[in-house]
Q: 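Provided herewith is a single structure, encoded as structure tokens, for subsequent inquiry.
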Amino acid sequence: MGPAQLSERIESVDTATAGMAQLTSLLGDLNRIDGWVSVKKADIARRLAELEADGSAPPATDVLARSNHSSARQAAKDKRRADAYGKAPALGKQRAAGRVSDEHADALANAAKNLDDEQQEALFAHGDALAKQAAASTPDQFARHLRKLTDALSSDDEATDRSEQQRGNARLTHGLNTETGMGWIRAELHPDDYQKFKAKLDAETAAVRKLGEYEGLSYDQVAAIAFMTLITSTRAAARPVPEVIVLIDLTTLQNGTHAESTCEYGDGTPVPTATARRHACNADIIPVVLDGDGQPLDVGRAKRHATKAQRAALRSMYRTCAVDGCETSFDRTEMHHLLEWDQHNGSTDLENLVPICTYHHHRAHEGRWRLKLDPSTRELSVFLPDGTLHSRCQPDLLTERHNTAA
């Protein structure tokens, strides 16, 4: 069905009286039209670039900015996106069909801009596979997949050089917002330093949230308070600050980067192999070594609460809450016993533990949702109180590794 037919169908729906099924279908139609428009704009942008190159038209970014009433910065982004669609036509087809968003194309454009011509050619040679991966991933997941792919295209020396360049580019600025009277802070940190900062801030934020005086505040508000308690040395966190986790597969650790390497921080940020090896000797950073299936090796056991080793093992499989579609980060989740410790004599081992956010933890207990885990695949099935299947999925990091291997 073309844009004209889709438009007619959209216009025939009264959104004021439409039910859930109609509204869902309407959003799908709108997304397909939006995709068609986006790809058509990309075609125009590439043609403008051709005309600019032969001297018969002004800079393409100037035309895009004026025509779209956008900034020069946005026009440059639109041009890079158009180039990505042009070099990966299969991704453009997925966009026109409404299966991916422009954020997927932006992720591809951002990944390509840091590569030389030969590496870019190698990247776009995976065009069909990239389009398939994008359609099965969120933009963030696709961006992480691209980072791994571009790391594989780069040598270990190049990755190490980039790491050193990042360290030299670290900056922190601050000032006063004259309109609000509020102070502002902006920092860009080396990934090593950011992971350490994030671990401390997450731990402090979790501790502050438990204090009754801050009940009802948003996460961002509590994080600001936690940041100041760290700066002023009035920490509320009673437990030790969690260590930074580095995930690396055994083959990469022993022999260096390969086509299916996993070498990243717990949140998916890539780590040069040489840096990961150095971290293996660092007391405040825990290396989690993965087997060929992406499962953690040598995990620990505990009596009641999950041990550091178990949390590290779970972090190697989950970037977010285990419930499908929930984007709450792992560091803000709680360890849930599928068989409850007190009522059902549930053990504290990996086969009985999943990380879930506070919202879903309440649903699992007070809300009587039922969670069932297949220990061999870590596939989690979630059922509503009436027995209806809510969702079924595997850990996001395991899924990403398996998709990469495929």
Side-chain angles (χ1 to χ4, degrees), residues 1-52 59-113 123-124 126-147 320 324-327 391 396 400 403:
M1 186 178 292
Q5 292 85 355
L6 286 171
S7 296
E8 289 181 8
R9 190 161 73 179
I10 290 169
E11 288 298 326
S12 68
V13 177
D14 181 2
T15 55
T17 60
M20 182 65 184
Q22 279 184 301
L23 293 173
T24 301
S25 176
L26 182 62
L27 286 172
D29 288 345
L30 286 168
N31 191 37
R32 284 189 285 275
I33 287 183
D34 185 52
W36 181 85
V37 170
S38 181
V39 172
K40 185 60 66 176
K41 282 186 174 182
D43 292 342
I44 293 171
R46 289 196 301 277
R47 178 55 181 160
L48 287 171
E50 292 174 355
L51 295 175
E52 174 191 353
T61 52
D62 288 355
V63 179
L64 291 172
R66 289 198 308 271
S67 300
N68 295 330
H69 306 286
S70 65
S71 65
R73 182 177 180 180
Q74 181 61 48
K77 183 177 180 180
D78 292 341
K79 187 173 181 291
R80 290 194 300 271
R81 179 190 299 157
D83 189 49
Y85 280 134
K87 292 180 178 178
L91 184 65
K93 290 180 180 178
Q94 294 280 26
R95 181 68 182 108
R99 299 190 187 98
V100 301
S101 70
D102 284 336
E103 289 181 82
H104 290 88
D106 292 340
L108 180 57
N110 290 334
K113 72 179 181 181
L123 174 65
F124 286 110
H126 296 277
D128 290 347
L130 289 174
K132 183 178 178 182
Q133 180 70 35
S137 309
T138 67
D140 284 345
Q141 290 171 339
F142 185 54
R144 287 191 290 268
H145 173 76
L146 288 168
R147 283 200 295 267
T320 61
D324 190 31
C326 183
E327 294 294 326
S391 60
D396 49 358
E400 288 180 25
N403 288 342

Q: Counting only N and O atoms by type, is there a donor-acceptor contact under 3.5 Å from the side chain of H126 to the main-chain atoms of L123?
A: no
Q: By the side-chain hydrogen bond (donor to acceptor under 3.5 Å, both in side chains) test, which pairs, at least two apart or in different chains, include something from residues 41-52?
A: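 Passing the test, one end in residues 41-52: D43-R46, R47-E50.
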Q: Got H145 and L130 here, is their nearest side-chain heavy-atom distance under 4.5 Å?
A: yes
Q: Closer than 3.5 angstrom, by distance alone: can the side chain of D34 be matched with the main-chain N or O of L30 as a donor-acceptor pair?
A: no
Q: Under the side-chain contact (heavy atoms from CB on, under 4.5 Å) rule, what do V100 and L91 come out as? Steps first, then yes or no, please.
A: CA-CA 8 Å; V100 301; L91 184 65; 4.1 Å; yes
Q: What's the shortest heavy-atom distance between A18 and L23, and which atoms?
A: CB-CD2, 3.8 Å
Q: Find the distance between CG (L48) and CG (D62) and round it off to the nearest 0.5 Å.
A: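 Here the interatomic distance stands at 10.5 Å.
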Q: Where do R81 and A105 come nearest, in terms of heavy atoms and distance?
A: CG-CB, 3.8 Å
Q: Could you tell me whether D106 and R80 have a side-chain N and a carboxylate O separated by less than 4.0 Å?
A: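 Looking at D106 and R80, the cut-off is not met.
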Q: Between A90 and G127, which heavy-atom pair has the shortest distance, and what is it?
A: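 Nearest pair, atom of A90 first, then G127: CB-O, 4.1 Å.
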Q: Looking at H104 and S137, what are the two nearest heavy atoms and their distance?
A: NE2-O, 2.9 Å
Q: Just jot down the side-chain contact (heavy atoms from CB on, under 4.5 Å) partners of S71, sequence neighbours excluded, or say none.
A: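 S71: side-chain contact (heavy atoms from CB on, under 4.5 Å) contacts with R73, Q74.
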Q: Could you tell me whether the side chains of D396 and T320 share a donor-acceptor contact shorter than 3.5 Å?
A: yes
Q: Nearest heavy-atom pair of F142 and Q133: which atoms, and what distance?
A: CD1-CG, 4.0 Å
Q: With a 4.5 Å heavy-atom cut-off, do L108 and F124 have their side chains touching?
A: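 In short, these two side chains touch, coming nearer than 4.5 Å.
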Q: Using 0.5 Å steps for rounding, measure from the CG atom of L6 to the CD1 atom of I33.
A: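 Answer rounded to 0.5 Å: 5.0 Å.
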Q: Output, in order, the C-alpha distance, side-chain angles, deciding distance and verdict of side-chain contact (heavy atoms from CB on, under 4.5 Å) for N31 and R95.
A: CA-CA 9 Å; N31 191 37; R95 181 68 182 108; 3.8 Å; yes
Q: Between Q94 and A131, which heavy-atom pair has the shortest distance, and what is it?
A: NE2-O, 3.7 Å
Q: Give every residue pair that meets the side-chain hydrogen bond (donor to acceptor under 3.5 Å, both in side chains) criterion with at least one member in residues 2-13, sequence neighbours excluded.
A: R9-D29
Q: So does M20 get a backbone contact from the side chain of T24, meaning a donor-acceptor N/O pair under 3.5 Å?
A: yes
